Amino acid sequence: MVLLDIDYITRGEKAIIRLFGREKNDENETSIIVLDDGFQPYIYVVPRDIEECQEQIEELNVEKVEKVEMKDLAKNKHFIKVTFNHPQDVPKLRDKIRDLPSVKDIREHDIPFYRRYLIDKGLFPMAEVEVEGKTVPPLDITEISNNYLANIFKLQGEIQPISSDFPDLNILSLDIEVYNPKGMPKSEEDPIIMISLSSNQGLQKVISTERSSLDFVETVKNESEIIKRFVEIIQKENPDLLIGYNSDNFDFPYIKDRAELLNIPLNLGTDGSQLKFMKKGYANAALVKGRVHVDLYLIMRRYLQLDRYTLERVYLELFDQEKQDIPGDEIHHYWSEGGEKLETLFKYSLDDAVTVTEIGEKMLPLTLELTRIVGQPFFDVARMATGQLVEWYLIRKAYEQGEVVPNKPSASQYSNRRGKKASGGYVKDPVKGLHENIVYFDFRSLYPSIIISKNVSPDTLVTECDDKKCHISPEKQYMFLKEPAGFVPSIIGNILHERMRLKTMMKESSNDEEKKFLNVQQEALKRLANSMYGVYGYSRFRWYRLECADAITAWGRDYIKKTMEKAEHFGFKPVYADTDGFYAVYHGNH
DNA sequence: GTGAACCGGGG
DNA sequence: GTGTACGGTTCAC
């Protein structure tokens with residue numbers, strides 16, 4: 001099955017992991033939930049006195065205490081691994097453990113349970129997994145309501161990743177319109193007047209209370225029926241992905257508010273569960289269990305560099321086509337006036353949903369691929385900043401290499417870091433005037449190359465060394481061991497190597513679909529590699545090292561200046577330079 | 001000059 | 001949920 005999402009529930013004292021999957025055979029699509037009660041949370045403890053430490057922790061209400069040897073920034077060290085009964089015991093007990101006199105520090109104490117599961121089991125969301133023993137339906141371990149849409153199984157044997165092609169997903173987009181004569185809509189007063197739906201399976205529908213001659217409009221008797229019908233269609237279409245535009249903060253919260261007011265259940269999940277919201281800082285994320293809700297607005301902000309991110313602006317950018325728009329404050333006029341105006345509103349509303357599907361089909365493959373590389377849920381990856389993506393990728397790699405992950409910075413460490421900044425790239429102010437015969441030198445892979453060739457990594461940074469054993473950076477003379485390969489450099493090396501392999505496969509492939517698929521994969525790797533050089537200077541990063549960030553840019557400036565000098569020697573006069581490259585005019589004197 | 005407050009998208 | 005965005009700009013003093 002394709003692994004769409006993951007969470008856990010608690011039954012009795014036990015945490016049970018739920019894996020939400022989808023199986024497609026011929027014409028049939030089945031939602032599946034696999035339950036695994038055989039996984040327990042743990043943290044690592046850095047002891048001052050290992051024996052005393054072990055004894056003291058054993059007195060607490062924990063499952064298991066054991067000595068382990070792990071790497072900490074490439075150095076072998078002794079840790080105590082403490083296993084807990086339940087994920088929520090971790091925040092309850094970790095402060096107690098940290099405060100023990102025999103304990104120096106605690107590590108990996110803030111890794112969400114479901115993420116830990118994915119990492120430790122080697123599972124990747126949006127890829128195929130093989131489930132053994134899933135024919136046993138042990139329904140006593142969870143309460144089952146009658147309207148479960150999915151088949152539920154208890155995991156009996158192993159769950160294993162298997163290689164797979166790009167998943168073939170059923171995508172449904174939605175967009176709501178609201179009657180709001182008094183400015184921005186307020187969910188306490190302003191009703192939903194239509195919900196538009198569009199899928200990649202051919203569905204195009206507007207549910208509304210007004211009649212229309214347009215065949216995509218389905219008329220129901222009141223607002224309650226709009227919402228009920230919406231829930232029905234979601235259950236029937238059973239999409240893997242739900243997408244919207246600003247739907248985390250508008251459409252879904254609004255639907256939820258109105259449904260509550262009208263007392264209508266919103267059981268949209270494949271487990272029959274209600275629409276939920278997760279607080280992510282100050283922002284909301286709308287969550288439908290068993291499906292993945294993606295807000296394209298966030299994705300667009302990440303991938304496009306625009307002045308504005310309205311649906312119209314994004315559509316123009318991606319498809320080079322103007323999209324008609326009814327200003328928000330005029331929608332109620334179109335609704336009240338009826339006739340032609342209303343038909344226009346119906347068309348506009350459906351068009352928004354269709355547009356969201358189109359944008360999703362174009363933009364989501366990259367995020368899907370990043371999900372399969374980083375190995376965290378699609379829902380999360382679609383909402384992660386690049387720094388977070390890199391971090392979770394590295395956390396998985398750390399596990400694979402037996403490295404204990406560094407802690408997140410404390411509040412004081414964070415504010416301390418924020419005050420400091422690594423030096424930037426080299427900038428040469430442009431020479432004024434109109435230049436002809438311009439040549440551009442592109443250095444976009446300069447920083448990843450520096451990290452690899454100079455082995456720039458927190459675990460290779462040393463304070464005493466010589467130029468036989470170390471690379472020494474220009475200016476501030478930071479020293480990095482030449483051997484062994486550092487944690488971050490080796491990972492970037494693997495990414496770039498894998499990317500080259502995919503590019504070669506792409507060139508050799510004669511199948512257009514395969515080419516496209518390989519291209520998305522190599523683009524995702526490029527994104528990941530390119531975001532990795534910035535993170536040494538990112539204040540929240542677990543592997544933050546200002547020295548590394550500084551050394552990289554220092555080498556960068558050194559390289560670009562030397563290259564410009566060389567170019568000048570060959571008759572190219574640089575007219576402008578900024579960080580990754582420079583423009584030069586050829587005088588042809590040579 | 002500095003730190004707090006606000007803003008994005010959506011109707 | 002083993003949790004608490006983000007980066008840029010404007011405002012208020």
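As the structure is a prediction and not an experimental result, all values here were calculated from the model. Note that these values count all heavy atoms, side chains included, but never hydrogens, waters or copies made by symmetry. Each chain gets a letter, A, B and so on, in the order its sequence line appears, and its residues count up from 1.
- Note on ring orientation: taking the six-membered ring where Trp is involved, the planes of A:Phe252 and A:Phe230 are tilted (angle from 30° to 60°).
- Checking the phosphate oxygens (OP1, OP2) of C:dT2, no side-chain nitrogen or oxygen of A:Tyr114 falls inside 4.0 Å.
- Among the protein residues, A:Tyr334 comes within range of no part of the nucleic acid, since none of its heavy atoms lies under 4.0 Å from any strand.
- Atom CE of A:Met384 is separated from atom P of C:dG3 by 14 Å (rounded to the nearest Å).
- Both the sub-6.0 Å distance and the 45° axial angle are not jointly satisfied by A:Lys205 relative to the ring of A:Phe216.
- With both ends at atom P, the span from B:dG11 to C:dA5 equals 27 Å, rounded to whole Å.
- Nucleotides C:dG7 and B:dG9, compared at atom C1', are 16 Å apart to the nearest Å.
- Within 4.0 Å (heavy atoms only), A:Arg540 reaches sugar-phosphate atoms of the nucleic acid but no base atom.
- Within the nucleic acid shown, A:Arg383 has no heavy atom closer than 4.0 Å to any nucleic acid atom.
- In this structure A:Ser199 satisfies the side-chain contact (heavy atoms from CB on, under 4.5 Å) test together with A:Leu172, A:Gln201, A:Leu203, A:Glu237, sequence neighbours excluded.
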Across nucleotides 5-11 of chain B, 5' to 3', mark each nucleotide with B, S or - according to how protein heavy atoms within less than 4.0 Å reach it. ---BBBB

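- In terms of the salt bridge (Lys or Arg N to Asp or Glu O under 4.0 Å) criterion, residue partners of A:Asp120 (sequence neighbours excluded) are, by chain and number, A:Arg116.
- A donor-acceptor contact shorter than 3.5 Å links the side chain of A:Lys71 to the backbone of A:Gln401.
- In the model, A:Ser102 has a side-chain atom that pairs as donor or acceptor with a side-chain atom of A:Gln56 under 3.5 Å.
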